[in-house]
Amino acid sequence: MTFKLYLAPLRGFTDYIFRNTFTRYFNGFDAAVTPFISTMETSRAKPSHLKDVLPENNSSMSIVPQIIGNNPDNFVPLARQLFDLGYTSINWNLGCPFPMVAKKQRGSGLLPFPEKIDHFLEKTLSAIPNRLTIKTRLGRRDSEEIIQLMPVFNRYPLQEIIIHPRTAKQMYDGEPDLDAFERCIEMTHHRVVYNGDITDLATFRRFSARFRATDRWMIGRAAVANPFLPAIIKDGKDDFINKVEPFRQFYEELFGHYQQVFSGPGHLLERMKGFWTYFSQSFKDGPKIRKKVHRTLKLQRYLEIVERFFEEDAQWNG
Ligand SMILES: Cc1cc2nc3c(=O)[nH]c(=O)nc-3n(C[C@H](O)[C@H](O)[C@H](O)COP(=O)(O)O)c2cc1C
């Protein structure tokens, strides 16, 4: 069966720099949902707020901009502005699990309130020119929340619903709840995209054997850790012989781009430490390089550590 693969939004990782650099070295993704843009109370967002989705920064990969917010009066102008930039589809974040976000009834914080979601969709969908997709979890605290929501979603012409089958309370603990995902598929009238813990080809095969009608899949963390993965999944086989060298080139280009956009070495180092949390998972003795990088306080020292790692120690895991 032909299927589509989406790059998941990972704030602090899958921005336009990552997406463009990824596309120069790897393939396999058909599109990406961007990390969220917050709604604002002003009627027009400044270009700096929209930098990640400006068309000139996004010629390499097709994107669906994601918005987080709960007030149609602020959401609609931003959606229209994105439409004017060429985005005929936008995504609404209903899954962000962070307590600071959720307690303001944004992201997953709206999931216990089906009537508020209903009101939001009614006001918003009649006022925006874009098609709307939704990215959600099973609930804030309980997977029953999505069961209550499915009939609400069914009343609206959504383009698709992306489901990460965990509750917000779980964050990333435990296994994705595949039974709950199956109930969602049974209840929905919409196209559903599966997202969560697709870490390798075998896992993808297991999920796709269970959900045979599902033809869209989203991958986040494992694609940052192992950017060869989307192509391996698309091809159904791993034909890459040497992974370390192309990965190193990709990494060096990524680093070079971030070096240009970050104002100080501190920010650059923090960003790179974040990436090594994931990159290290693809290498033998990964925890060792992760710890070394994370302990570093100076950019110069960081550069020496990474250079030495690639020259002497780096061995791909698998
Ligand atoms: C660091 C980080 C940042 C994330 N940022 C976003 C975001 O901006 N919007 C969103 O919808 N999901 C966000 N997510 C959730 C991911 O898109 C995805 O749903 C989740 O990681 C599960 O998929 P995976 O197992 O393939 O990574 C984030 C996750 C992580 C770990």
Side-chain angles (χ1 to χ4, degrees), residues 4-16 18-19 22 28-29 31-39 49-53 63-70 78 89-102 106-111 132-140 146 160-178 180-181 184 192-204 206-208 211 214 216-227 229-230 232-233 270-282:
K4 288 202 189 306
L5 273 187
Y6 299 156
L7 171 63
L10 262 66
R11 211 152 196 260
F13 297 90
T14 63
D15 60 7
Y16 73 96
F18 178 88
R19 297 190 301 266
F22 175 93
F29 282 125
V33 173
T34 70
F36 65 75
I37 305 169
S38 298
T39 55
H49 193 64
L50 300 180
K51 190 167 181 195
D52 189 44
V53 300
I63 60 164
V64 178
Q66 182 182 71
I67 305 180
I68 196 164
N70 58 13
L78 184 54
S89 293
I90 52 170
N91 179 269
W92 185 29
N93 179 318
L94 270 184
C96 184
F98 291 104
M100 290 289 279
V101 172
R106 293 164 144 237
S108 68
L110 268 179
L111 295 174
L132 190 69
T133 79
I134 286 179
K135 183 164 177 290
T136 185
R137 289 188 174 229
L138 297 176
R140 185 168 182 199
I146 195 138
E160 63 191 16
I161 305 174
I162 304 161
I163 301 178
H164 174 48
R166 282 192 172 93
T167 60
K169 198 176 78 181
Q170 273 183 286
M171 297 296 285
Y172 293 98
D173 291 341
E175 299 289 308
D177 185 344
L178 300 184
F181 182 75
C184 294
V192 168
V193 180
Y194 176 87
N195 165 237
D197 294 33
I198 301 175
T199 48
D200 54 22
L201 181 58
T203 314
F204 173 74
R206 194 155 51 79
F207 291 168
S208 59
F211 304 115
T214 302
R216 292 181 193 221
W217 306 84
M218 173 177 267
I219 309 180
R221 293 165 296 166
V224 176
N226 173 11
L229 182 64
I232 291 172
I233 289 179
E270 281 313 304
R271 174 61 58 110
M272 288 298 128
K273 286 183 182 180
F275 273 111
W276 279 98
T277 302
Y278 293 109
F279 293 161
S280 61
Q281 295 168 14
S282 282

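Numbering of residues begins at 1 and proceeds along the displayed sequence. Each ligand, and each atom within it, is numbered from 1 in the order the structure gives. Everything numeric here is computed off the predicted structure, so don't read it as measured data.
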Between Asp52 and Arg19, does any side-chain N to carboxylate O distance fall below 4.0 Å? yes
Kindly say whether Met171 contributes a backbone atom to a donor-acceptor pair with the side chain of Arg137 at under 3.5 angstrom? yes
Partner of Leu7 under side chain to side chain contact (heavy atoms under 4.5 Å, CB included), chosen from Phe13, Phe22, Phe29: Phe29
What part of Lys135 sits under 4.0 Å from ligand 1 if we count only heavy atoms: the side chain, the backbone, both or neither? side chain
Counting heavy atoms only, which part of Tyr278 comes closer than 4.0 Å to ligand 1: side chain, backbone, both or neither? side chain
Provide, to 0.1 Å, the distance between atom 3 (C) of ligand 1 and the closest protein heavy atom, together with that atom's residue and name. Arg11 N, 3.2 Å
Can you list the atoms of ligand 1 that are under 4.0 Å from a heavy atom of Ile219? 26 (O)
Would the distance check show the side chain of Ser108 and the main-chain N or O of Cys96 forming a donor-acceptor pair, the cut-off being under 3.5 Å? yes
Under 4.0 Å to a heavy atom of Ala8 - the qualifying atoms of ligand 1, by number: 17 (O)
Please determine whether any non-hydrogen atom of Ile198 lies less than 4.0 Å from an atom of ligand 1. no
Which ligand 1 atoms does Gly220 reach within 4.0 Å, using its non-hydrogen atoms? 24 (P), 26 (O), 27 (O)
For the CZ atom of Arg106 and the CG atom of Leu94, what is their distance to the nearest 0.5 Å? 12.0 Å
Within ligand 1, which atoms have a heavy atom of Asn93 less than 4.0 Å away? 9 (N), 10 (C), 11 (O)
Assess Arg221 against Tyr278: is NZ or CZ under 6.0 Å from the centre of the six-membered ring, and within 45 degrees of the ring's axis? no
Tell me which protein heavy atom sits closest to atom 6 (C) of ligand 1, plus the residue, atom name and distance to 0.1 Å. Pro9 O, 3.1 Å
Shortest non-hydrogen contact from Ser89 to Pro65? O-CD, 3.6 Å
Shortest protein contact, atom 2 (C) of ligand 1 (heavy atom only): Leu10 CG, 3.9 Å
Could you tell me which atoms of ligand 1, counted from 1 in the order shown, lie closer than 4.0 angstrom to a heavy atom of His164? 22 (C)
Nearest neighbour in protein (non-hydrogen) for atom 1 (C) of ligand 1: Phe13 CE1, 3.7 Å
Can you tell me which residue and heavy atom of the protein come closest to atom 9 (N) of ligand 1, and the distance to 0.1 Å? Gln66 OE1, 2.7 Å
Should we say atom NZ of Lys273 is surrounded by more than 12 heavy atoms from elsewhere, each under 6.0 Å from it? yes
What protein heavy atom lies closest to atom 18 (C) of ligand 1? Include the residue and the distance to one decimal. Asn195 OD1, 3.4 Å
Please list, in number order, the atoms of ligand 1 under 4.0 Å from a heavy atom of Phe36. 7 (C), 8 (O)
Ignoring hydrogens, what is the shortest heavy-atom contact between Cys184 and Ile146? Give both atom names and the distance. SG-CG2, 3.7 Å
Tell me whether ligand 1 is touched by Ala222 - counting only heavy atoms on the residue side and a distance under 4.0 Å. no
min-distance protein heavy atom vs atom 29 (C) of ligand 1 -> Tyr172 OH, 2.8 Å
All heavy atoms of Gly69 vs all of Trp92, minimum pair found to be O-NE1, 2.9 Å
Using heavy atoms and a threshold below 4.0 Å, how should the contact between Asp197 and ligand 1 be classified: side chain, backbone, both, or neither? both
Against Pro9, only a single residue in Ile162, Val33, Asp15 fulfils side chain to side chain contact (heavy atoms under 4.5 Å, CB included); can you say which? Val33
